[in-house]
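In what follows, a single structure is set out as structure tokens and then discussed.
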Amino acid sequence: MKNILHIISSARGDLSYSNSLSSAILEKLLQRNKINKIVVRDLVKDQPPFADEASIHEFYKHPELYDEHSKQLLSYANTIVDEIREADLIVIGTPMFNLGISTPLKAWLDQLIRAGVTYVFDEQWNRVGQFNNKKVYLAIASGGRSIEGATDYISDYLKDVFRSYTGITDVETYRMEGTMEHGFTPDYESVLKDF
Ligand SMILES: Cc1cc2nc3c(=O)[nH]c(=O)nc-3n(C[C@H](O)[C@H](O)[C@H](O)COP(=O)(O)O)c2cc1C
């Protein structure tokens with residue numbers, strides 16, 4: 001039995017291609033796996049807080065020093081860490097905005113990734129990710145199409161973040177490209193043909 005976490009980060013609701021592509025991935029996962037639980041984390045309806053001075057201070061604090069105020073400031077961060085911890089399969093949708101991920105997705109990552117929580121240091125000061133045996137599916141929508149050889153600031157970036165700071169190394173990417181082209185019609189089955 002698998003637990004799924006679905007992260008939504010486009011503000012365009014039903015018009016969003018990344019939302020629809022991530023939902024299509026979810027459908028396929030439901031067909032293939034016995035599912036125990038699906039948690040939807042909609043980063044647009046329920047926006048992550050920005051990492052401000054007070055919360056960053058708490059991020060660096062030793063857990064033994066936490067007080068009630070710390071718990072309040074870390075409440076969102078702790079909730080999303082628990083969601084990742086419980087998930088076996090994580091589906092993340094994001095639009096391409098100025099070559100990168102959406103703003104709420106970046107804010108979510110900045111709340112999620114934490115030394116001592118998502119990764120720890122071993123005696124040689126190597127980072128050791130704490131979340132293994134999970135799989136991430138990325139659903140990316142972009143108005144244009146990727147150019148061969150160009151830097152990939154979404155998939156490569158997210159793969160590096162997950163590998164370096166959570167230990168998740170299994171990341172599969174699907175792209176709905178050219179959404180701004182005249183007469184564009186999405187073909188989800190073709191994007192997911194190798195799924
Ligand atoms: C602020 C903004 C920045 C964008 N930047 C890019 C970009 O750098 N490259 C690109 O191909 N498309 C870009 N687009 C187009 C979106 O990626 C495209 O509309 C995509 O379908 C949005 O995802 P969604 O359909 O899931 O909302 C941008 C759109 C907006 C509103």
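Counting starts at 1 for both ligands and their atoms, in listed order. This one's a predicted model, so the numbers in the text were calculated from it and none came from an experiment.
Under a 4.0 Å N-O distance rule, the pair Glu189/Lys28 qualifies as a salt bridge. Looking at Asp110 and Lys106, a side-chain N of the basic residue comes within less than 4.0 Å of a carboxylate O on the acidic one, giving a salt bridge. Asp170 and Lys135 are joined by a salt bridge, as a carboxylate oxygen and a charged side-chain nitrogen come within less than 4.0 angstrom of each other. For Asp152 and Lys159, the salt-bridge test fails: no basic side-chain N is under 4.0 Å from an acidic carboxylate O.
The protein atom (non-hydrogen) at minimum distance from atom 29 (C) of ligand 1 is Phe97 CE1, 3.7 Å. Nearest protein neighbour of atom 19 (O) of ligand 1, counting heavy atoms only, is Met180 SD, 3.6 Å. Given atom 15 (C) of ligand 1, the protein heavy atom at minimum distance is Gly143 N, 3.6 Å. The shortest contact between atom 6 (C) of ligand 1 and any protein heavy atom is with Met96 O, 3.4 Å. Of the protein's non-hydrogen atoms, Arg12 NH2, 2.7 Å is the one closest to atom 25 (O) of ligand 1. Ranking protein heavy atoms by distance to atom 22 (C) of ligand 1, first place goes to Pro95 CB, 3.5 Å. Summary of contacts: the protein heavy atom closest to atom 27 (O) of ligand 1 is Ser10 OG, 2.6 Å.
At under 3.5 Å, not a single nitrogen or oxygen of Ser142, backbone or side chain, sits near a nitrogen or oxygen of ligand 1. Note: no N/O pair closer than 3.5 Å links Arg145 and ligand 1 by distance alone.
Near Leu99, meaning under 4.0 Å from one of its heavy atoms, ligand 1 places the atoms 7 (C), 8 (O). Those atoms of ligand 1 with a heavy atom of Thr179 less than 4.0 angstrom away are 18 (C), 19 (O), 20 (C), 21 (O). Residue Asn98 has at least one heavy-atom neighbour below 4.0 Å for each of these atoms of ligand 1: 3 (C), 4 (C), 5 (N), 6 (C), 7 (C), 8 (O). Within ligand 1, the atoms closer than 4.0 Å to a non-hydrogen atom of Gly144 are 10 (C), 11 (O), 12 (N), numbered from 1 in the order shown.
Residues Ile25 and Phe195 meet the side-chain proximity criterion, which asks for heavy atoms closer than 4.5 Å. A 4.5 Å side-chain heavy-atom check between Val81 and Phe131 finds at least one atom pair inside the cut-off.
Between atom OG of residue Ser102 and atom CD1 of residue Ile154 there is a gap of 8.5 Å, rounded to the nearest 0.5 Å.
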* Asked: When you look at Asp82 and Thr79, which way does the side chain to side chain donor-acceptor pair (under 3.5 Å) test go after all the steps?
  -> CA-CA 5 Å; Asp82 287 345; Thr79 301; 5.9 Å; no
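In this structure a side-chain-to-backbone donor-acceptor pair under 3.5 Å is present from Ser16 to Asn19.
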